[in-house]
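In listed order, ligands and their atoms are each counted from 1. Quick note: numbers below take in every heavy atom, side chains included, and nothing from hydrogens, waters or symmetry partners.
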Amino acid sequence: MAYETLIVEIEDEIALIRLNRPEALNALNAKLMSELTAVLAAADANDKVRCIILTGSDKAFAAGADIKEMAERSFVDVFGGDFFAPEAEALLRVRKPMIAAVAGYALGGGCELAMICDFIIAADTAKFGQPEINLGVVAGLGGTQRLTRFVGKSKSMDMHLTGRNMDAAEAERCGLVSRVVPAKDLISEARKSAAKIAGKSALTVMAVKEAVNRSYETTLREGLLFERRLFHALFATEDQKEGMAAFLEKRTAQFRDR
Ligand code: CAA
């Protein structure tokens with residue numbers, strides 16, 4: 001299917017979704033957000049997809065929400081229509097793993113979109129920032145909450161209050177990204193990680209995603225109980241029997257998602 005704002009390729013059980021509005025540095029307009037949520041829901045439902053990579057161009061992952069589209073909107077419009085809420089909720093419903101492969105600018109909603117993914121691999125050209133303060137607003141796709149949990153209060157305040165960008169090295173140092181790779185290798189490195197994940201049991205992958213995400217939603221004690229119960233529950237799967245038998249027989253496990 002052809003999209004106006006995205007390029008989508010499905011190959012080797014990996015869906016590579018490329019944001020594609022070069023004229024606006026992949027700014028997140030209504031069309032892009034609606035195509036993106038539809039593509040992600042379709043990828044999540046597609047048995048041929050086991051991992052999703054979300055990326056942009058060499059210059060920009062995404063330079064934020066579309067300022068041209070927002071500039072004249074009123075409080076009644078955005079509050080009444082609950083601007084970004086349905087899209088934000090739809091992104092959280094994706095159960096398959098999502099890797100953000102970020103080169104260039106990931107600003108405002110772009111940084112927030114990357115943080116919604118399960119982890120971020122950054123090119124050495126990546127620049128992250130929450131510059132909404134320069135526009136007279138605060139972040140609206142989770143930046144004040146997620147960035148604070150990722151990097152702590154001091155750096156999050158610094159980023160949100162000054163509107164400055166951080167480079168890839170700083171993003172790696174403070175735990176915003178899982179690793180930094182040369183820009184030319186970004187997609188191949190993301191594909192390697194995606195291929196590793198695609199080789200695991202899809203049931204276990206979903207359980208990991210739920211358990212790690214739960215750590216953001218609940219107390220430590222409840223999170224530990226949730227994790228332990230998932231650990232117990234996975235003993236009901238054939239994949240647990242296969243994974244442990246394969247280890248003991250010194251062979252590679254053949255998971256069947258059962
Ligand atoms: N919305 C709409 N258009 C954008 C855009 C955005 N967020 N970011 C860039 N563009 C457009 C520019 O207007 C320009 O279009 P024209 O050629 O038609 O003028 C084109 O993309 C290229 O941009 P620049 O000429 O500005 O490129 P540059 O290399 O000089 O600068 C940049 C790059 C530093 C990223 C700069 O474009 C910039 O500061 N962009 C805005 C970043 C921003 O403020 N993001 C936050 C948006 S608010 C938000 O995201 C809210 C939220 O939390 C949900």
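- Nearest to atom 22 (C) of ligand 1 by heavy atom, out of Leu25, Ile133, Val138, is Leu25.
- A donor-acceptor contact shorter than 3.5 Å is absent between the side chain of Thr218 and the backbone of Ser215.
- When atom types are taken as modelled, the side chain of Asn26 and the backbone of Arg21 share a donor-acceptor pair closer than 3.5 angstrom.
- Listed by first then second residue, pairs satisfying ring pair (Phe, Tyr, Trp, His ring centres under 6.0 Å) with a partner in residues 232-258 read Phe231-Phe235, not counting sequence neighbours.
- Annotation: atom 48 (S) of ligand 1 to nearest protein heavy atom, Leu135 CD1, 3.5 Å.
- In this structure, CD in Glu69 is found 5.0 Å from CG in Asn29, a value given to the nearest 0.5 Å.
- Atom 54 (C) of ligand 1 has its closest protein heavy atom at Phe84 CE1, 3.4 Å.
- Polar contact with ligand 1: absent for Ala139 (N/O pair, distance under 3.5 Å).
- The residue from Leu40, Ile7, Ile53, Thr55 that alone fulfils the side-chain contact (heavy atoms from CB on, under 4.5 Å) condition with Ile17 is Leu40.
- Summarising the contacts of atom 3 (N) of ligand 1 with Gly163, Ala24, Gly109, Pro22, the nearest heavy atom is found in Ala24.
- Heavy-atom proximity to Glu112, at under 4.0 Å, picks out these atoms of ligand 1: 52 (C), 53 (O), 54 (C).
- Shortest contact from atom 1 (N) of ligand 1 to any protein heavy atom: Ile67 N, 2.9 Å.
- The parts of Ala65 lying near ligand 1 are both backbone and side chain, judged by heavy-atom distances below 4.0 Å.
- Near Glu132, meaning under 4.0 Å from one of its heavy atoms, ligand 1 places the atoms 48 (S), 49 (C), 50 (O), 51 (C), 52 (C), 53 (O).
- The proximity of Ala63 to ligand 1, defined as any non-hydrogen pair under 4.0 Å, involves the side chain as well as the backbone.
- Within a 4.0 Å radius of atom 39 (O) of ligand 1, the protein has no heavy atom.
- Residues Ile99 and Cys117 approach most closely at C-CB, 4.3 Å, considering heavy atoms.
- Within a 4.0 Å radius of atom 13 (O) of ligand 1, the protein has at least one heavy atom.
- With contacts defined as side-chain heavy-atom distances shorter than 4.5 Å, the pair Tyr216/Gln145 does not qualify.
- For the salt bridge (charged side-chain N to carboxylate O under 4.0 Å, His left out) test, no residue two or more places apart in sequence or in another chain qualifies with Arg258.
- The ligand atoms of ligand 1 that sit less than 4.0 angstrom from a heavy atom of Glu23 are 15 (O), 20 (C), 21 (O).
- If you number the atoms of ligand 1 from 1 as listed, the ones under 4.0 Å from a heavy atom of Leu107 come out as 35 (C), 42 (C).
- Nearest protein heavy-atom neighbour of atom 19 (O) of ligand 1: Lys68 NZ, 4.4 Å.
- Residues Thr144 and His160 have side chains in contact (heavy-atom distance under 4.5 Å, counting atoms from C-beta outward).
- Of the protein's heavy atoms, Lys59 NZ, 5.0 Å lies nearest to atom 30 (O) of ligand 1.
- Counted within 6.0 Å of CZ on Arg251, heavy atoms from surrounding residues, nucleotides or ligands total more than 12; the atom is thus considered enclosed.
- Put simply, the side chain of Leu16 does not reach to within 4.5 Å of the side chain of Glu11, judged on heavy atoms.
- In this structure, atom 50 (O) of ligand 1 has a protein heavy-atom contact shorter than 4.0 Å.
- Residue contact check for ligand 1: Pro131 places a non-hydrogen atom closer than 4.0 Å to it.
- Looking at Asp12, its side chain never comes within 3.5 Å of a backbone N or O of Ile14 through a donor-acceptor pair.
- Neither the backbone nor the side chain of Gln130 has any atom closer than 4.0 Å to an atom of ligand 1 (non-hydrogen atoms only).
- Residue contacts with ligand 1 for Val137 are absent, since no atom lies close enough (heavy atoms, distance under 4.0 Å).
- For Glu69, the closest heavy-atom approach to ligand 1 does not fall below 4.0 Å.
- There is a protein heavy atom less than 4.0 angstrom from atom 45 (N) of ligand 1.
- The line from CZ of Arg164 to CG of Asn134 is 13.0 Å long, rounded to the nearest 0.5 Å.
- The atoms of ligand 1 that sit less than 4.0 Å from any heavy atom of Gly140 are 52 (C), 53 (O), 54 (C).
- Heavy-atom contacts from other residues, nucleotides or ligands closer than 6.0 Å to CD of Glu227 number 12 or fewer.
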